[in-house]
Amino acid sequence: MARILVTAGPTYERIDAVRFIGNRSSGKMGYAIAAELESRGHEVTLVSGPSSLPIPKNLHVHRVESAQEMYDTVMQLWPNVDGAIKTAAVADYTPKIVADHKIKKKEAKLTIELIPTMDILTAMGREKREDQWLVGFALETDNALAYAKDKLKRKNLDYIVLNSLADAGAGFNVDTNKITVIDRDQNVTTFGLKPKSEVAQDICEIIQPFLR
Ligand code: CTP
């Protein structure tokens, strides 16, 4: 039995008391992977951004909102797990200043200054021990394979799972996905379009060598 950390869903970056910057991630892929790993007898901790999905049973769950909260939670958990699968769609930028009131409408244009968030996966890759493994996700629109291979190396991952937005029925907020998996030796495995529950099974099979 392995101890596995799964991150899922979007992050919300607050602009003011009522508004945020988010993305269309539903959390479906990460929740499906967490449920599949649990059903195979592993101890799963799910760190989830805002999602309306029901929490699969028997998981340790941490709900977070922003990229910074996800970073803090994940980095605290990371030393105590055997491996992690990072499906979360983490915001790359966050507002520099968060208004504590609701920003009022004015005649002049409004500019929101954004600053980069911490890259959680990169930080995890940097701190990864010999006995740990790390799987990242990548969503690309063009040059998908080249970018994904570069991300795998840069972030010190064992596998990267690529979803291409070019594939109908794949990606955010749908029940199906079509993935391509790349390993450290640059071997590329392509899967067909299928329900996310079956994609989760494929991913579990791929990481099986780590799970003993
Ligand atoms: N990721 C992360 N922390 C961030 C941004 C991304 O941990 N602040 C992780 C995601 O969880 C995912 C992987 O990095 O597993 C790839 O995310 P993606 O948005 O495709 O890549 P980026 O590194 O943000 O690069 P780019 O925007 O240039 O494609």
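The analysis underlying the following values was restricted to heavy atoms, covering all of them including side chains, and did not include hydrogens, waters or symmetry mates. Note that ligands are numbered from 1 as they come in the structure, with each ligand's atoms numbered from 1 the same way.
- Distance alone, capped at 3.5 Å, places no donor-acceptor pair between the Asn143 side chain and the Tyr147 backbone.
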Could you pull out the N/O contacts under 3.5 angstrom between ligand 1 and the surrounding protein atoms?
residue  : atom   : partner : partner atom : Å
ligand 1 : 3 (N)  : Ile120  : N            : 3.0
ligand 1 : 7 (O)  : Lys86   : NZ           : 2.9
ligand 1 : 7 (O)  : Ile120  : N            : 3.4
ligand 1 : 7 (O)  : Leu121  : N            : 2.8
ligand 1 : 8 (N)  : Thr117  : OG1          : 3.4
ligand 1 : 8 (N)  : Met118  : O            : 2.9
ligand 1 : 11 (O) : Ala88   : O            : 2.7
ligand 1 : 14 (O) : Lys155  : NZ           : 3.1
ligand 1 : 15 (O) : Lys86   : O            : 2.8
ligand 1 : 15 (O) : Phe137  : N            : 3.0
ligand 1 : 15 (O) : Phe137  : O            : 3.1
ligand 1 : 20 (O) : Leu139  : N            : 3.3
ligand 1 : 20 (O) : Lys151  : NZ           : 2.7
ligand 1 : 21 (O) : Lys151  : NZ           : 2.8
ligand 1 : 23 (O) : Lys155  : NZ           : 2.5
ligand 1 : 24 (O) : Asp92   : OD1          : 3.0
ligand 1 : 24 (O) : Asp92   : OD2          : 3.2
ligand 1 : 27 (O) : Asp92   : OD2          : 3.2
ligand 1 : 29 (O) : Lys151  : NZ           : 2.9

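- Trp133 meets the ring pair (Phe, Tyr, Trp, His ring centres under 6.0 Å) test with Phe210; sequence neighbours excluded.
- Counting only distance, with no hydrogens or angles, the side chain of Gln132 and the backbone of Val81 share a donor-acceptor pair below 3.5 Å.
- Each of Lys155, Arg154, Lys151 was scored for a salt bridge (charged side-chain N to carboxylate O under 4.0 Å, His left out) with Asp119, with one residue passing: Lys155.
- Asn177 places no side-chain N or O within donor-acceptor distance of the main-chain N or O of Lys194, the cut-off being under 3.5 Å.
- Within the 3.5 Å criterion, the main-chain N or O of Arg126 finds no donor-acceptor partner in the side chain of Asn156.
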